[in-house]
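Contents: one structure, followed by commentary.
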Amino acid sequence: AVYTRANTGPPEPARKVRALFTECNRPQLRRFSQELAETLPLQVDALLISDLEREYRRSPAFLRRYRLVITTFAHVHEVQKLLRREQIEVVGLMMDATLETLMRLTALPEGTKVGVACNEWTGSQNVKLSIDNAGLKNVELVMGCGAEPESLKRMMKEARVVVCSGLVAGKIRGLAPKGTEIIVDDGTLDKGGLEMLRKRLAQLSTSEKERGTRHARR
């Protein structure tokens with residue numbers, strides 16, 4: 001047993017899968033691609049969605065270097081439609097509100113109306129879901145969306161605390177009455193989604209290893 005342990009050595013590190021991460025804005029593009037590279041066995045390249053579309057129209061073959069295209073859930077259907085002719089898997093990950101934001105909301109008085117706004121409705125719904133999942137019963141959420149300015153105006157008539165993404169923070173500040181607390185939170189990637197992606201990467205790595213073994217035998 002001692003001989004076996006001595007000759008087994010450390011476990012083989014997970015083989016990194018090359019993936020492309022795409023998002024509509026640079027701050028989230030940088031932050032989330034870095035989070036993916038640090039959290040999962042991924043070699044991540046990052047492109048804005050507009051740049052991905054331009055590069056894909058110019059030279060579709062560049063996608064062959066990737067096993068996956070990853071984006072946030074708000075853009076998954078957009079990216080799937082763009083790449084619908086390609087045999088490449090597109091994965092959408094949800095975003096969560098950060099722990100700091102949840103802790104601040106926990107401290108609010110019972111019945112506080114909290115506005116939730118991202119640039120698109122899907123993003124706003126994602127943040128609402130993460131707050132709901134945290135089990136906060138002391139706040140009432142009021143929804144808004146940067147793409148529909150009228151919804152922000154309606155939201156600001158009720159909310160005195162707002163959780164928003166950096167993309168709509170400027171609009172919120174322009175509408176907010178004096179004394180409104182504005183919490184800018186661009187979120188983190190959903191941990192459950194990251195774990196599901198980790199399992200998928202393990203499957204891809206195993207299949208690549210098996211293909212390599214079969215090729216070597218030939």
Q.
I'd like to know if the side chain of N119 reaches the main chain of G146, judged simply by a donor and an acceptor atom lying under 3.5 Å from each other, with no hydrogens or angles considered.
A. no
Q. Would a distance-only check, ignoring hydrogens and angles, find a side-chain to backbone donor-acceptor pair under 3.5 Å from T22 to T71?
A. no
**Q.** pair L20-I88: side-chain heavy atoms closer than 4.5 Å
**A.** no
**Q.** NZ (K157) with more than 12 external heavy atoms under 6.0 Å
**A.** no
(Q) I want to check something: taking the side chain as every heavy atom from C-beta on, are R104 and L108 in contact at a cut-off of under 4.5 Å? (A) yes
(Q) So which atom in V90 and which in V79 form the shortest heavy-atom distance, rounded to 0.1 Å? (A) CG1-CG1, 3.9 Å
Q | Reported OG-to-CD distance for the pair S50 and E23, which is rounded to 0.5 angstrom | A | 11.0 Å
Q | For L48 against N25, the heavy-atom pair lying closest together | A | CD2-C, 3.6 Å
Q. Passes side chain to side chain contact (heavy atoms under 4.5 Å, CB included), L194 versus L36? Steps please.
A. CA-CA 8 Å; L194 289 174; L36 286 167; 3.8 Å; yes
Q. Under the 3.5 angstrom rule, does the side chain of S151 hit a backbone N or O of C145 as a donor-acceptor pair?
A. yes
Q) Just by distance, do the side chain of S130 and the backbone of A97 share a donor-acceptor pair under 3.5 Å? A) yes
Q: Grab the two heavy atoms, one from F62 and one from L52, that are nearest each other, plus how far apart they are.
A: CZ-CD1, 3.6 Å
Q. Taking all non-hydrogen atoms of both residues, which atom of C118 and which atom of S165 are closest, and how far apart?
A. CA-OG, 3.6 Å
**Q.** Gap between atom CG of L83 and atom CD of E53 - 0.5 Å precision
**A.** 9.5 Å
Q) Does the distance from a Lys or Arg side-chain N to an Asp or Glu carboxylate O, for E195 and R198, drop under 4.0 Å? A) yes
Q: Kindly work out whether a path of hydrophobic side-chain contacts (I/L/V/M/F/W/Y, heavy atoms less than 4.5 Å apart) joins V163 to L175.
A: no
Q.
Name the residue from V114, V161, V116 that meets the side chain to side chain contact (heavy atoms under 4.5 Å, CB included) definition with V139.
A. V114
(Q) Under a 4.0 Å threshold between the charged nitrogen and the carboxylate oxygen, would E150 count as salt-bridged to R154? (A) no
Q | Linked, directly or transitively: V162 and L152 (ILVMFWY side chains, under 4.5 Å) | A | yes
Q.
Counting only heavy atoms not in R84 (residues, nucleotides, ligands), do more than 12 fall under 6.0 Å from its CZ?
A. yes
Q. Do you know which two heavy atoms are closest between V17 and S205, and how far apart they sit?
A. CG2-OG, 3.7 Å
Q: Measure the CG-CG distance between D190 and L197 for me, rounded to the nearest 0.5 Å.
A: 11.0 Å
Q.
What verdict does the side chain to side chain contact (heavy atoms under 4.5 Å, CB included) test give for M103 and L99, after you've listed the backbone C-alpha separation in whole Å, the side-chain angles of each residue and the deciding distance to 0.1 Å?
A. CA-CA 6 Å; M103 292 296 291; L99 180 59; 4.1 Å; yes
Q.
Please say yes or no: joined through hydrophobic side-chain contacts below 4.5 Å, possibly via intermediate residues, are F73 and V69 part of one cluster?
A. yes
Q) Does K199 reach the side chain of M196, with side-chain heavy atoms less than 4.5 Å apart? A) no
Q: Examine F21 and Y66 and state if one hydrophobic cluster contains both, with Ile, Leu, Val, Met, Phe, Trp and Tyr joined whenever side-chain heavy atoms are less than 4.5 Å apart.
A: no
Q. Does any non-hydrogen side-chain atom of M156 lie less than 4.5 Å from one of T180?
A. yes
Q: Check whether the side chains of R31 and Q34 place a donor and an acceptor atom closer than 3.5 Å, and report yes or no.
A: no
Q | Intermediate values then yes/no, side chain to side chain contact (heavy atoms under 4.5 Å, CB included), D132 and L141 | A | CA-CA 9 Å; D132 288 341; L141 301 182; 3.7 Å; yes
Q. A74 and G123: which non-hydrogen atoms are nearest, and at how many Å?
A. CB-N, 4.3 Å
Q. Which distance, rounded to the nearest 0.5 Å, do you find between the CZ of R64 and the CD of E86?
A. 8.0 Å
(Q) Donor-acceptor pair, distance only, cut-off 3.5 Å: does the side chain of D185 make one with the backbone of T98? (A) yes
Q.
Is it the case that the side chain of S33 and the backbone of R30 share a donor-acceptor pair, with hydrogens and angles ignored and the cut-off at 3.5 Å?
A. yes
Q. Y56 and side chain to side chain contact (heavy atoms under 4.5 Å, CB included): which partner among L47, D51, L63?
A. L63
Q.
Nearest 0.5 angstrom please: I70 CD1 to E89 CD, how far?
A. 9.5 Å
(Q) For the backbone of L105 and the side chain of N138, can you confirm whether one donor and one acceptor N or O come within less than 3.5 Å of each other? (A) yes
Q) Can you tell which of E120, M94, M95 makes a side chain to side chain contact (heavy atoms under 4.5 Å, CB included) with T72? A) M95
Q: Check step by step if side chain to side chain contact (heavy atoms under 4.5 Å, CB included) holds for T101 and I131.
A: CA-CA 9 Å; T101 294; I131 294 173; 5.6 Å; no
(Q) Rounded at 0.5 Å granularity, tell me how far CE in M155 sits from CE in M143. (A) 9.5 Å
Q | W121 with L129, same ILVMFWY side-chain cluster at under 4.5 Å | A | no
(Q) Any heavy-atom pair between the side chains of C164 and I182 that's under 4.5 Å? (A) yes
Q: Compare all side-chain heavy atoms of L42 with those of K16 and state whether any distance is below 4.5 angstrom.
A: no
